[in-house]
Amino acid sequence: EKSTDSSKTQESAMKKKQKKTKGDPKTGQEEEYHTCCGCRFPLLFALLQLALGTSITVLGFLMAGISSSLLVRDTPYWAGIIVCVVSLVGFVMLCISYQPDEKTCVQFTVKLMYFLLSAIGLVACVLAVAFAAHHYLQMTKFTCDTILKSCQCKLDTADPLSRTFVYQDAADCGSLTSMLNLYLLLQMVLNLITALVCLSACFVMWKHRYQVFYVGIRFYPLTATEGQQQKV
């Protein structure tokens, strides 16, 4: 009788533990969250995207302040703004309680938005790198002269039909070309790093969607139940 009572108490204790683990979302979240360097998944990517996006935006507006004739494609603050929006969506995703298999519509919508916006940010940063590299290569071949508070540059001074690039509100061509070259190099480096971060975020989200991170945890209860059945 004592053995049967002890076995019943053990079974009841096991059932209570199982109910706690099933009913308590915190324990499920702790098991399901994918962490990197001790942080939850979107946190590192969102912080990097926010820092890089802010740097690109500030640098783009500084470039726009050098000369009023610079084109929008040459001052890629738009790429930085897109990346900042992506980081904000990543922070929103951190505030949503995790549910396995994306059972909530809000969780699925935010994850899909983060993936799509990261892909858009990747494309925007690649375009910004291409535009900055093209402009930088052109500036290495420029011959510039200051005319009426504007800097006029040509690719080939011997050719009268060569295109003339005019930078308004620039009294000193030397300082303008040196500053633009520095800013363009910084834009190329920052946008390239940001593109890699966005690509990594898309890749991790894709792996998370197809349960690469959680395969072991999901199959563990099945193996445990099979072992119990074999013992019985």
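None of these values were measured; they are calculated from a predicted model.
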Joint hydrophobic cluster, [X] plus [Y], side-chain heavy atoms closer than 4.5 Å:
X	Y	result
L199	M113	no
M179	M139	yes
L192	F203	no
V83	V123	no
V129	I81	no

Can you tell if the side chain of [X] reaches within under 4.5 Å of the side chain of [Y], non-hydrogen atoms only?
X	Y	result
T54	L50	yes
D145	Q152	no
I82	I120	yes
F165	L155	yes
P76	F131	no
L43	M93	no
T177	Y167	no

Please round to the nearest 0.5 Å and tell me the distance separating atom [atom1] of [X] and atom [atom2] of [Y].
X	Y	atom1	atom2	result
L52	L196	CG	CG	10.0 Å
Q49	L88	CD	CG	10.0 Å
K154	T164	NZ	OG1	4.0 Å
F45	S200	CZ	OG	5.0 Å
T194	I56	OG1	CD1	3.5 Å

Practice prompt. Sequence neighbours left out, what pairs pass side chain to side chain donor-acceptor pair (under 3.5 Å) with at least one residue falling in residues 180-192?
Written response: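 Qualifying pairs, neighbours excluded: Q187-N191.
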Closest approach of [X] and [Y], non-hydrogen atoms and distance?
X	Y	result
C84	T57	SG-OG1, 4.5 Å
V86	L117	CG2-O, 3.3 Å
M63	T75	CB-CG2, 3.7 Å
L137	T140	O-OG1, 2.5 Å
A201	Y114	CB-OH, 3.9 Å

Item to complete: Kindly write out the residues that satisfy side-chain hydrogen bond (donor to acceptor under 3.5 Å, both in side chains) with S55, not counting sequence neighbours, or none if the list is empty.
Response: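 S55 satisfies side-chain hydrogen bond (donor to acceptor under 3.5 Å, both in side chains) with no other residue.
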Discussion item. Using a strict SG to SG cutoff of under 2.5 Å, would you count C144 and C153 as disulfide-linked?
Written reply: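 Disulfide present: SG-SG distance under 2.5 Å.
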Item to complete: Answer yes or no: is the gap between the SG atoms of C198 and C125 smaller than 2.5 Å?
Response: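 No, C198 does not link to C125 through a disulfide.
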Discussion item. Looking at Q168, is its backbone amide N or carbonyl O close enough to the side chain of S67 to form a donor-acceptor pair, meaning the two atoms are under 3.5 Å apart?
Written reply: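 Yes; judged by distance alone, with no hydrogens or angles, the pair exists.
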Worksheet item: Within the distance-only criterion (no hydrogens, no angle test), does the side chain of S69 pair as donor or acceptor with the backbone N or O of V166 below 3.5 angstrom?
Response: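 Such a contact is found between S69 side chain and V166 backbone.
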Discussion item. Per the ring-ring contact (aromatic ring centres under 6.0 Å, His included) rule, what does the pair list look like for residues 46-78, sequence neighbours excluded?
Written reply: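 Applying ring-ring contact (aromatic ring centres under 6.0 Å, His included) to every pair that reaches into residues 46-78, excluding sequence neighbours, yields F61-Y77.
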Discussion item. Go through it in stages, so that I can follow the logic: the residues are L62 and I66, the test is side chain to side chain contact (heavy atoms under 4.5 Å, CB included), and I'd like the CA-CA distance, side-chain angles, deciding distance and then a yes or no.
Written reply: CA-CA 7 Å; L62 288 175; I66 293 177; over 6 Å; no
